[in-house]
2 protein chains.
Amino acid sequence: MSRTAAALVIGNELLSGKIREANLYELAQMLRSLGIRLERALMILDDLEIIAREVRALSESYDFVFTSGGIGPTHDDMTIDAVAHAFGVGVSTNPEMEAMLREHHGERLKEGHLRVARVPTGATQIKADKIKWPVTVFNNVWILPGVPQIFKIKLEIIRERLGVDRPFVSRAVFSNLDEGTLKPMLDEVVAEYPAVDVGSYPTWEDLGYKTKLTFDGKDADAVEIAVQTFVAKLPEGEPLRIE
Amino acid sequence: MSRTAAALVIGNELLSGKIREANLYELAQMLRSLGIRLERALMILDDLEIIAREVRALSESYDFVFTSGGIGPTHDDMTIDAVAHAFGVGVSTNPEMEAMLREHHGERLKEGHLRVARVPTGATQIKADKIKWPVTVFNNVWILPGVPQIFKIKLEIIRERLGVDRPFVSRAVFSNLDEGTLKPMLDEVVAEYPAVDVGSYPTWEDLGYKTKLTFDGKDADAVEIAVQTFVAKLPEGEPLRIE
């Protein structure tokens, strides 16, 4: 069985269409490369009760939960309080993070600046070699920032800490046939190889093919046999290529 | 009260990081322009039971639900069956859609092609003037395609049908101060104008400002007063600009 994960993306600005969400794709790719299966992603508003309820529910259902957003110092940053609320703990100021903030801001330090050193009481701070500011983790909930440039840097900490288990193997077959024509051939392969995740993606742009078929799984031999079984069913001149 | 909406984005290829999700942002912007509040977006795997459960739950909690993906003819396209399952109805072939498919494919028509004319029994088909292929709607669930080029076209049908109620008014104030410094001034405005949604977004790129403050609401006067109240609290030389 794969380790599983869920993502909780927090922010009014995303649901109101002011900002295009950018972190999920990076997270999805990184988890994939570690052999971790991202099974659900949820985008919600800045609302403490809702964040807390979803954190709790996802935490119980998946091996890992990754939150994105809501960890700045202002009134609309609620993720730290919500995670604390979800697990029935308080919020404390982390001394090491506080020291870093005091050093950074010097005599211009305001009370507001120290708010980003707040963590759910009992949380762990995880650092990577080259990344000074830690990621706060409570139980299986990794609390990540929403700003895409910073989010991407933090993914390195996750990669270092979680490591790779058995990775996914992915193959793709490109065809000039449409999905309606391919369907019976696909159905046979899907029925025969339940351990292989078969996807079918039509294109509406001129990419030189009509349909991309994907074959994914953790059993490399099963994936390869499923690909070859499918390809053998195709008519002459097909497939266009296999990747 | 605003009309509310939720989005349900379906597809293994999105959660596995193979494809970057592209429809949510378009949907969010369009709903915003209609004065409809998108409150939640959920991204899930191709799994009939999960899709059905989420469709049902979202349908009960929001005025509108928009699904994206899973309406092609292949084994991984489950949205039609899932919506039918969610509401305890069967699946039928829509005669008008079937006729269009027969005309389009002619003598090369396969059984697979007709699968995209399947709809939850009792569903409505909604068309726009210039868009021949309809959107299928069951109760308050709008069933949209996953392919971004087609999804975008279908948004026009939604826009025509749902129309604009009272639109949102949005203002933005750009500041060279950081969030920690702005926090006490923001807190006062947030407390004073509960009908105005105030957001604070730091930037980590060199965009010529440090923090963007947003003021949103349906009461244009309240938004304007909140902006002016906030601006009056800023020190000399601030704000950089108001939009």
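Per chain, numbering begins at 1; letters A, B, ... match sequence-line order.
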When B/Leu15 is tested against each of A/Leu31, A/Leu27, A/Leu38 for side chain to side chain contact (heavy atoms under 4.5 Å, CB included), which residue passes?
A/Leu38
For chain B, find its close neighbours in residues 97-111 of chain A: heavy-atom separation under 4.5 Å, sorted by number, or none.
A/His105, A/Lys110
One should read off an interatomic distance between A/Asp76 CG and B/Asp197 CG, to the nearest 0.5 angstrom, of 8.0 Å
Is A/Asp47 close to chain B through its backbone or its side chain, or both, or neither, when contacts mean heavy atoms under 4.5 Å?
neither
Which distance, rounded to the nearest 0.5 Å, do you find between the CD of A/Glu179 and the CZ of B/Arg115?
11.0 Å
Which of the residues A/Pro73, A/Gly112, A/Ser33, A/Pro184 is involved in the greatest number of heavy-atom pairs with chain B at under 4.5 angstrom?
A/Pro73
Output the distance between atom CD1 (B/Ile44) and atom CD (A/Glu39), rounded to the nearest 0.5 Å.
11.5 Å
Tell me the ring pair (Phe, Tyr, Trp, His ring centres under 6.0 Å) pairs involving residues 15-39 of chain A, sequence neighbours left out?
none
Looking at side-chain heavy atoms only, is the closest gap between A/Thr214 and B/Glu13 below 4.5 Å?
no
Against chain B, work out which of A/Ala28, A/Gly72, A/Ala41 has the most heavy-atom pairs shorter than 4.5 Å and name it.
A/Ala41
Give the member of A/Asn12, A/Ile19, A/Leu45, A/Val9 that has the highest number of heavy-atom pairs under 4.5 Å with chain B.
A/Leu45
With sequence neighbours excluded, what pairs up with B/Asp187 under the salt bridge (Lys or Arg N to Asp or Glu O under 4.0 Å) test?
B/Lys183
Take B/His75 and A/Val198 through the side chain to side chain contact (heavy atoms under 4.5 Å, CB included) test and state the conclusion after the steps.
CA-CA 9 Å; B/His75 63 282; A/Val198 182; 3.7 Å; yes
Please determine if A/Arg40 and B/Glu54 form a salt bridge, counting it only when a charged side-chain N lies under 4.0 Å from a carboxylate O.
yes
Checking heavy atoms, do the side chain of A/Ile50, its backbone, both or neither come under 4.5 Å from chain B?
side chain
Report the C-alpha distance between B/Glu21 and A/Leu24 in whole Å, list the side-chain angles of each, state the deciding distance to 0.1 Å, and finish with yes or no for side chain to side chain contact (heavy atoms under 4.5 Å, CB included).
CA-CA 9 Å; B/Glu21 202 286 323; A/Leu24 266 179; over 6 Å; no
So which part of A/Phe168 gets closer than 4.5 Å to some heavy atom of chain B, the side chain, the backbone, both or neither?
neither
Distance (rounded to the nearest 0.5 Å) between A/Gln29 CD and B/Arg20 CZ
7.5 Å
Under a 4.5 Å cutoff for heavy-atom pairs, which residue among A/Ser170, A/Ser16, A/Gly199, A/Pro148 has the most contacts with chain B?
A/Ser16
Going by the rule salt bridge (Lys or Arg N to Asp or Glu O under 4.0 Å), which residues pair with B/Glu49 if we only count those two or more places apart in sequence or in a different chain?
none
